[in-house]
Structure formats: structure tokens, C-alpha cells
Undergrad: 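First the structure, then my questions, so here it is.
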Amino acid sequence: MTVARVPQRAALVAVVLLMATLGWWQFRPDLVEFRTPAASLGAGGLPATLRLSLQLGRASLEASGPPWTALLDSPRRGAGLSSYEVDWSGTNAAGVRVTFKGTLIATNRAGVTLLNRAGEIAGVEVVGDLTTGDQAPVRYRQSYLP
């Protein structure tokens, strides 16, 4: 290897690394974590952590056990809001089966008309029917913030 080729090879390596970084940045999943404010947590409700990815079309609720995962179905979008049908099920801290069927409503950040990435969400609210064990479903609402 001659000394004259060292700058050329260094430039080639820099370009390849830059392209790989930009490619990863462009196509990485947009997974964003939201948490319920402590004052909003109700006994026997949904887990406090929500992970959301619009690119993957998934929303998962996470607590100490396995995550509750739902597909984001039937998207409806409007000025400032997007909503998705969700269906979660899992077990609570007491080991009792809990199911939730309802709507996930995402509020867009200021200046965002239509959501393309989860990072453009200012907050999330889930509204629907919560069933704990063999009890009758109750109407439930819980908010999540980034």
C-alpha cells in the first residue's frame, strides 16, 4: 500500500460509515415509550408503560410480567388526532386475567398534521372496555405521556 492511497481509503471508509448510519437512521423502528402520570393510575387498571411504533403497527403495555401486545387496527386520522382500534390481554400483579378492547387516541405534536412516526405524538389516551377476571366489563380511560 502506498502512502498516496491512504487518504483515498480513509475517505471511502468514512463515506461507507456515513451511508450505513444514515440507512440505519432512516429505516429504524420508531419505538417511543409513554408513561401514565402517577396520579392517573387506578387500582386494577392497565400497566403504566406504553411502547408504540407506528411503522411496525404495534402498541404494547408493559409491567413486571410479559408485555401485552396489540396491533394498531383501523387507523382514523384527522387534524391533530389519530385513533386506532386495540385489543390487549394479559395478567395483572395478582395474576388475574385482564382484557381491554377499545381505542387508542394519539394527539399530534404542535405543527404535525398527519402522524408518520411515533415521535410526532404529544400524548396518548386509551378509552374502552376493561374486563378483570370474570367480572363484567367497565368503561375505562387512561392517559399516557412521553
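A quick note: this is a predicted structure, and the numbers were derived from the prediction, not measured.
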Undergrad: For residues Thr69 and Trp88, report the shortest heavy-atom separation together with the two atoms involved.
TA: C-CD1, 3.7 Å
Undergrad: Step by step, would you call Lys101 with Glu85 a salt bridge (charged side-chain N to carboxylate O under 4.0 Å, His left out)?
TA: CA-CA 8 Å; Lys101 186 171 181 82; Glu85 297 302 315; over 6 Å; no
Undergrad: Where is the tightest heavy-atom contact between Ala70 and Asp87, given as atom of each residue plus distance?
TA: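 Taking every non-hydrogen atom into account, CB-O, 3.5 Å.
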Undergrad: Determine the minimum heavy-atom distance between Phe100 and Val127, stating which atoms define it.
TA: CZ-C, 3.5 Å
Undergrad: Step by step, work out the side-chain contact (heavy atoms from CB on, under 4.5 Å) result for Tyr140 and Thr132.
TA: CA-CA 11 Å; Tyr140 189 79; Thr132 305; over 6 Å; no
Undergrad: Could you state the interatomic distance from CG (Leu54) to CD (Glu120), rounded to the nearest 0.5 Å?
TA: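 Interatomic distance, Leu54 CG to Glu120 CD, rounded to 0.5 Å: 8.0 Å.
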Undergrad: So among Val126, Asn92, Thr36, which one has a side-chain contact (heavy atoms from CB on, under 4.5 Å) with Leu46?
TA: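 Testing each of Val126, Asn92, Thr36 against Leu46, the sole residue satisfying side-chain contact (heavy atoms from CB on, under 4.5 Å) is Val126.
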Undergrad: Ignoring hydrogens, what is the shortest heavy-atom contact between Leu72 and Ser53? Give both atom names and the distance.
TA: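 Shortest heavy-atom separation between Leu72 and Ser53 comes out as CD1-O, 4.0 Å.
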Undergrad: Are Thr49 and Leu61 side-chain neighbours, meaning at least one heavy-atom pair lies under 4.5 Å?
TA: no
Undergrad: Please determine whether a side-chain nitrogen of the Lys or Arg among Arg51 and Glu33 lies less than 4.0 Å from a carboxylate oxygen of the Asp or Glu.
TA: yes
Undergrad: Could you please spell out the steps behind the side-chain contact (heavy atoms from CB on, under 4.5 Å) verdict for Leu71 and Arg58?
TA: CA-CA 5 Å; Leu71 296 176; Arg58 292 188 175 273; 3.8 Å; yes
Undergrad: May I have the step-by-step check of side-chain contact (heavy atoms from CB on, under 4.5 Å) for Val98 and Leu130, ending in yes or no?
TA: CA-CA 7 Å; Val98 177; Leu130 181 73; 3.5 Å; yes
Undergrad: State the CZ-CD1 distance between Arg141 and Ile105, to the nearest 0.5 angstrom.
TA: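 It is 6.5 Å, given to the nearest 0.5 Å.
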Undergrad: Taking the side chain as everything from C-beta on, heavy atoms only, tell me whether Pro146 gets closer than 4.5 Å to Arg109.
TA: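 Yes, their side chains come closer than 4.5 Å.
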Undergrad: Is it true that Leu31 and Leu145 fall in one hydrophobic cluster, defined by side-chain heavy atoms closer than 4.5 Å?
TA: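 In one cluster with Leu31: Leu145, no.
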Undergrad: Could you give the distance from CD (Glu125) to CG (Leu50), rounded to the nearest 0.5 Å?
TA: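 Rounded to the nearest 0.5 Å, the CD-CG separation comes to 12.0 Å.
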Undergrad: If I take atom CZ from residue Arg76 and atom OH from residue Tyr84, how far apart are they, to the nearest 0.5 angstrom?
TA: 10.5 Å
Undergrad: Below 4.5 Å, heavy atoms only, C-beta onward: do Thr107 and Leu81 meet side chain to side chain?
TA: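 In contact.
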Undergrad: When you compare the side chain of Ile121 with that of Leu52, does any pair of heavy atoms fall below 4.5 Å?
TA: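 Yes; the side chains approach each other to less than 4.5 Å.
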Undergrad: Is there side-chain contact between Glu62 and Pro47, with heavy atoms separated by less than 4.5 Å?
TA: no
Undergrad: Which pair of non-hydrogen atoms, one from Asn108 and one from Ser82, has the smallest distance, and what is that distance?
TA: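 For Asn108 and Ser82, the tightest heavy-atom pair comes out as OD1-OG, 4.0 Å.
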Undergrad: For residues Ser83 and Thr103, report the shortest heavy-atom separation together with the two atoms involved.
TA: CB-CG2, 3.7 Å
Undergrad: Is it the case that the side chains of Arg97 and Ser89 hold a donor-acceptor pair, with the cut-off being a distance below 3.5 Å and no angle test?
TA: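 Note: Ser89 and Arg97 side chains meet the donor-acceptor criterion.
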